[in-house]
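Ligands are counted one by one from 1 in listed order, and the atoms in each one are counted from 1 as well. What you see is a predicted model; the values in this text were computed from it and never measured.
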Amino acid sequence: MSDGDGELEARLVEQEEFEPSDEFVEQANVSDPGIYDEFEENWPDCWERAADLLDWDEEYETVLDDSNEPFYEWFSDGTLNASYNCVDRHVENGDKNRVAIKWEGEHGETRTYTYQDLYREVNEFAAALREMGVEEDDVVTLYMPMVPELPIAMLACARIGAPHSVVFAGFSAEALATRMNSADSEYLVTCNGYYRRGDALDHLEKANEGLDDVDHGVEATVVVDRLGDDSFGHDLRGNQHDWDELVDEQRGERVDPVERDAEDMLFLMYTSGTTGEPKGVKHTTGGYLAYTAWTSHAVLDIEPEDTYWCSADIGWITGHSYIVYGPLALGTTTVMYEGTPDYPERDRLWDIVEKYAVDIFYTAPTAIRAFMKWGTEFPERRDLSSLRLLGTVGEPINPRAWKWYYKHIGGEDCPVVDTWWQTETGGMMVTTLPGVGNMKPGSAGPPLPGIDARIVDTEGEEVEAGRAGYLTVNKPWPGMLRTLYNNDERFVSEYWEEYSDPDADEWVYFPEDGAKIDDDGYITVLGRVDDVLNVSGHRLGTMEIESAIVGVEGVAEAAVVGGDHEVKGEAVYAYVILEDGYDGGEEMRGRIIEGVEDAIGPIARPEQVVFTPELPKTRSGKIMRRLLEEIANEEELGDTTTLRNPEIVTDIQSKVQGD
Ligand code: WT7
C-alpha cells in the first residue's frame with residue numbers, strides 16, 4: 001500500500017467484519033433487525049411497505065398476482081404516474097425550493113434545479129413531446145450523455161405514459177439503430193455533443209449515422225445544444241428540432257400526469273446476453289418505482305435533506321434506478337456529473353464531494369481500483385467528512401479495494417454497502433442493510449428482506465456453506481423485469497428454464513451468476529457463468545464482439561474471452577483467425593478495433609488482438625474458451641487432452657506473452 005500505514009492495514013486485513021457505528025444506526029431509515037422476519041412472515045404483503053412510499057391515484061388491492069407464472073404482476077389494480085411521484089408531489093408537499101438535481105459539467109459549470117424548476121421543465125418538455133405527436137405507449141429513444149435534459153426527458157416521457165429507451169451515449173451509431181429498430185421507436189432525443197477530458201465530442205454525427213440505419217420512419221428528433229460555440233455545426237435535418245426552441249414554444253404549459261396502470265411499461269433498457277442480439281428488458285411503473293424507492297430508502301439510507309451522489313451514467317440501469325427514479329421519488333437532492341474522474345485532476349470526484357457536502361456516495365469497484373492506483377493524496381486533498389454512507393455496484397469488489405474505500409474515502413466511519421443486482425432485477429437484491437448488519441469485505445451480504453436468494457448446484461439443490469454454486473432467486477419481487485420486449489419466449493428461456501419446475505409450480509429466476517454463501521448467510525458473488533463479460537462494471541456479450549470482429553474484411557473466425565485487468569476487472573481478449581492472404585499486422589489490428597468500436601462502442605475495444613492460425617477446439621468442434629481465458633491470464637493450463645489440436649496452445653501462449 002502506498003499510504004505507509006502498514007499497521008492499520010494489517011489490522012483491517014485480520015478484521016473480517018465491520019460494524020456500522022452507533023451514530024449511523026441511530027439515524028438510519030431501517031435499523032430493526034426484525035425486518036427480515038417481518039418480511040418473511042408477511043410475504044408478499046410486506047411489499048406494501050415499498051408501495052407505501054409512493055402516491056397512488058387508484059390504490060391497489062392485489063399485491064402480487066401470480067396467476068400466470070413467471071409473468072408476475074405487482075400492485076396490478078393500482079394506478080399512478082412516475083413523474084408525479086418524482087416531481088409534483090414534492091412541490092405540493094412544500095418542498096418546491098428543495099434542490100432536485102445538482103448538475104456539474106466537466107468544465108466546472110453548474111446547474112441547479114429545484115423541484116419547482118424540474119416541475120416546469122418536465123411539463124414543458126412533456127408538452128413538446130405531445131406537440132411532436134408522441135402518444136401514450138410510443139417508445140421514445142433517449143441517446144444522451146450526462147446532461148440535465150436526460151432525466152428531464154425521462155420524466156417527461158413518464159408523465160405522458162410514453163416508455164423511454166435510453167441508449168448509453170458511449171454506444172455506437174449501429175448500437176443505437178439496433179435498439180431503435182428493435183423497439184420500433186419513432187422518436188429520438190439526443191444531444192449535439194459533450195465534453196470528455198476537455199475535448200468536445202461530436203455526438204450528433206453518431207446519432208445521425210444511427211438514424212440513417214433505422215429501418216422504419218422516424219417521426220422527429222430533438223437535439224440538445226450542449227456545445228454552444230464548440231458545436232460541430234451540423235445543420236438540423238427536416239424533422240429535427242432544437243430542444244431550447246421547442247421548449248420555448250411551450251413556456252408555461254402544464255401537462256396532467258397520465259394515470260398509468262401499475263403494470264404499464266415505464267421503460268425499456270437493452271442489455272447484453274449470450275446471443276448477439278441485445279435484450280430489451282421491460283420495467284413497469286408501480287413495481288419498479290416502489291422497489292427503487294424502497295431500496296433507496298432502506299439500503300442507501302436516503303433522506304430528503306441529503307445530498308446524494310451516484311457516479312454512474314444514466315445510460316445504464318444504475319443511473320435509472322439510483323440517480324433518477326429512486327432518489328427523486330424520495331424527494332432528495334441527486335448530483336449529476338458530466339465528465340471523467342481524472343479531469344482536470346485525479347481529485348475531481350472528491351472536489352465534488354467537498355463542494356456539495358455529499359452525504360451518500362455510490363460508485364463501482366472499477367472506479368475504486370483506479371482511485372487506489374492513483375494513490376491516497378487525491379482524496380486527502382479534500383474534506384470528505386460530509387459522507388455518511390458509501391456504496392458499490394457492478395462487479396465483485398475484492399477485500400483490499402473494499403477496505404481502501406472504507407478507510408480512505410469513508411474515514412472508517414461510513415458503512416459500505418456492496419450491492420448485487422442487475423438490469424433485470426430493477427434494483428438491489430443482495431446487500432447488507434447498513435443500519436442493521438455487519439459488513440464483510442468482499443461479500444455483498446445477505447439477500448434483502450423479502451428476497452429469497454439461494455446458492456444451488458446444477459440440480460438446484462442448495463450447496464453447503466463455503467462451496468461455490470449458482471445464485472438463484474426463488475420468489476418474485478416488485479422490481480423484477482416483466483418480460484423481454486416482444487419476446488416472452490426468450491424471457492422464459494433466458495431466466496426461468498434452468499431451475500424452474502413448471503409441473504410442480506416452482507418458478508426460479510436464474511441471474512447467470514456464480515456465488516457462494518457463508519455460515520451467516522452472506523453471499524459472495526463470483527461473477528457471470530455465461531458468455532458475458534464484465535468490463536469496468538459494464539456487461540458485454542462475447543458473441544456481440546465476435547460478430548463485430550467477423551464482420552471485418554479478412555477475418556475468418558474470432559473468439560472473445562475476458563482476461564483479468566487491474567482496473568477494468570475484465571478486459572476483452574480477441575483471438576482471431578484471418579482468411580488466406582491477409583496479414584495479422586498493425587493495420588489489421590486497427591481495423592478490428594475500429595470494427596468493434598463501430599458495432600458497439602469504445603467500451604468493447606479489445607485489450608489484445610491475438611492472431612492465430614487455429615483456435616483450440618474439442619473433437620466436437622467447440623471452441624475451448626476456458627483455455628483461452630487461462631492463456632489470457634497467463635495461468636497454468638488445465639486439461640488439454642480433449643482437444644483436437646493441442647499443439648496450437650503453446651503457439652497462442654507464446655504470442656500472448658510476447659505482446
Ligand atoms: C451483473 C449485472 C446492477 C447495475 C450494474 C450492472 C454483476 C453487479 C455486483 C456486485 C458482484 C455484481 C453480476 C450481475 N454485479 N453487482 N455487487 N458484486 N457482481 O448491471 O449490466 O445488468 O450487470 O453485474 O455479474 O449479473 P448489469
[X] and [Y] ion-paired at < 4.0 Å:
X: R605; Y: E597; result: yes
X: K440; Y: D520; result: yes
X: E104; Y: R348; result: yes
X: R454; Y: D452; result: yes

Using the benzene-type ring in the case of Trp, are the ring centres of F510 and Y495 under 6.0 Å apart?
->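 Centroid separation for F510 and Y495: 6.0 Å or greater.
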Are the aromatic ring centres of Y322 and W316 under 6.0 angstrom apart?
->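 They do not qualify: ring centres at least 6.0 Å apart.
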Contacts table for ligand 1: protein N or O within a distance under 3.5 Å of ligand N or O, distances only.
unit_1	atom_1	unit_2	atom_2	d
ligand 1	15 (N)	G394	O	3.3
ligand 1	16 (N)	G394	N	3.1
ligand 1	17 (N)	D418	OD1	2.8
ligand 1	17 (N)	T419	O	2.9
ligand 1	18 (N)	E395	O	3.3
ligand 1	19 (N)	P396	N	3.4
ligand 1	22 (O)	T423	N	2.8
ligand 1	22 (O)	T423	OG1	2.6
ligand 1	22 (O)	R539	NH1	2.8
ligand 1	24 (O)	G394	O	3.2
ligand 1	25 (O)	D513	OD1	2.7
ligand 1	25 (O)	D513	OD2	3.2
ligand 1	26 (O)	Q422	NE2	3.0
ligand 1	26 (O)	D513	OD2	2.5
ligand 1	26 (O)	R528	NH1	2.9

